[in-house]
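So that the names make sense, note that chain A is the first sequence line, chain B the second, and so on, each numbered from 1.
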Amino acid sequence: MPELPEVETISRGLQHGGNGICPIVGKEIEDVRVLWERTLSNGTERSLRKEIIGQVIRSVSRRGKFVVVTLESDTLLSHLRMSGDLRVELSHDSLGKSIPVQKHASLMIFFTDDYRLAFNDPRKFGRAWFTHDSQDILGKLGPEPLDLSLTAARLHQMLIRRKRQLKPLLMDQAFLAGLGNIYSDEALHLAHLHPLQPSDRVTEEQTIQLLKAIRDVLKEGIKRNGASIDWVYRGGEFQNHFRVYQRDGQPCAICGTHIQRIMVGQRSTHFCPYCQRIN
DNA sequence: CCTGAAACCTGTCTGC
DNA sequence: TGCAGACAGGTTTCAG
């Protein structure tokens, strides 16, 4: 899925506009359709319609990889998983003819001003929840990596009280919210840490470097509007600045050693065997 | 507690 | 050209 920077880009677009997205704040919900039933994790299309039709969008934000849409008395959460996307589009063309939804649309929210929010998702892994208390779901997440209340000292404590392979631990959303396969590989390379390094043997000094690396790659990703890879293009261009991700066989920019690709926790993992070594 | 495998899905690309 | 297999930005669940 989109990881933190991609979700941040989408949520900023829905909140303020930009990156080709029309903001939805202030729009009133006129109707809702669920086109792929499993997309709605709780409730049914019927209960969803009964609850949210008539409500106005108050704000859009992000927590971890969740897009948080705050309504007047409910919250709509969406998780794009591997291939989900959110688009704002018109329901009718200039001649008043209705515009068909995309082939892989799984959830549609129609507004009173003829715009609609489309949740498109070819692989159908994406999910949406609608709830009175978003903490039911968001409360299970670990800290936000860009939140300055997360200090290196705290992260170090979190790391050493576990004994896990570093990369899968960083991707564990209950441990830290927002990192996925791309940004964890990139951050570990920047921090000169091996993806299989046992977490309880990461030193304080290495943790300082790791936290800085995580923040640097996330901020760079956000600055470039995220990454657009495969056939899911969202307008980002961070894919042109990967240091290790999908660069196996190519030279490391720091030392020239060939980038290696291994499987870790069923995910392909890219690293420099010279720069990134286990303690 | 930790690790790995399978499941949920469709689309794209590679190699025979 | 066709077809099998691998692989893809994620998460959950289960077995060992």
Phosphate OP1/OP2 of dT10(B): any Lys124(A) side-chain N/O under 4.0 Å: yes
Describe the nucleic acid contact of Arg261(A) in one word from base, sugar-phosphate, nothing, applying a heavy-atom distance below 4.0 Å. sugar-phosphate
Using the six-membered base ring of dT11(C), report whether Phe125(A) stacks on it, requiring centroids under 5.5 Å and planes under 30° apart. no
Below 4.0 angstrom from OP1 or OP2 of dC9(B), is there any side-chain N or O of His104(A)? no
Can you tell me if Lys103(A) touches the phosphate of dG11(B), counting only side-chain N or O atoms and a distance under 4.0 Å to OP1 or OP2? yes
Within the structure, does a side-chain N or O atom of Arg162(A) lie under 4.0 Å from either OP1 or OP2 of dC2(B)? yes
Whole angstroms only, please: what is the CG-C1' distance between Asp172(A) and dC1(B)? 12 Å
Please determine whether a side-chain nitrogen or oxygen atom of Gln165(A) lies at a distance below 4.0 Å from atom OP1 or OP2 of dG4(B). yes
So if I apply the side chain to side chain contact (heavy atoms under 4.5 Å, CB included) rule between Ile214(A) and each of Leu150(A), Leu188(A), Leu179(A), which one comes out positive? Leu179(A)
Please state how far atom CG in Leu80(A) lies from atom P in dG10(C), giving the value in whole angstrom units. 11 Å
Separation of atom OH in Tyr183(A) from atom C1' in dG10(C), rounded to whole Å: 15 Å
Of the nucleotides dC2(B), dG10(C), dA8(C), which has the atom closest to the Lys65(A) side chain? dG10(C)
Heavy atoms only, 4.0 Å cut-off, all strands: where does Arg127(A) land among base, sugar-phosphate and nothing? nothing
dT3(B), dC9(B), dG11(B): which one has an atom nearest the side-chain heavy atoms of Trp36(A)? dC9(B)
Check Arg123(A) with Asp121(A), please: is the shortest side-chain N to carboxylate O separation under 4.0 Å? no
What integer distance in Å separates His79(A):NE2 from dC9(B):P? 17 Å
Taking 4.0 Å as the cut-off, does a side-chain nitrogen or oxygen of Gln266(A) come that near to OP1 or OP2 on dA6(B)? no
Between the side chains of Glu220(A) and Arg215(A), is the shortest nitrogen-to-carboxylate-oxygen separation below 4.0 Å, so that they form an ion pair? no
Could you tell me how far dG5(C) sits from dA6(B) if I compare only their P atoms? Round to whole Å. 15 Å
In terms of relative ring orientation, are His241(A) and Phe238(A) parallel, tilted or perpendicular, with 30° and 60° separating the classes? parallel
Atom-pair distance (CZ on Arg38(A); C1' on dC8(B)), nearest Å: 6 Å
Could you identify the nucleotide paired to dC1(B), looking across every strand shown and requiring Watson-Crick or G-U wobble geometry with both distances under 3.5 Å? none
Tell me which nucleotide, if any, is Watson-Crick or G-U wobble paired with dC9(B) when both distances must be under 3.5 Å. none
When the distance from CD of Glu37(A) to C1' of dC9(B) is rounded to whole Å, what number comes out? 16 Å
If you look at every strand shown and take non-hydrogen atoms under 4.0 Å, does Lys140(A) touch a base, only sugar-phosphate, or nothing? nothing
Kindly say if Ser268(A) contacts the phosphate of dA8(C), meaning a side-chain N or O under 4.0 Å from OP1 or OP2. yes
Is any side-chain N of the basic residue among Arg62(A) and Glu144(A) closer than 4.0 Å to the acidic one's carboxylate O? yes
Atom-pair distance (CD1 on Ile137(A); P on dT12(C)), nearest Å: 11 Å
Arg58(A) and Glu72(A) ion-paired at < 4.0 Å: yes
Using atom CZ of Phe175(A) as one end and atom C1' of dT3(B) as the other, report the distance to the nearest whole Å. 17 Å
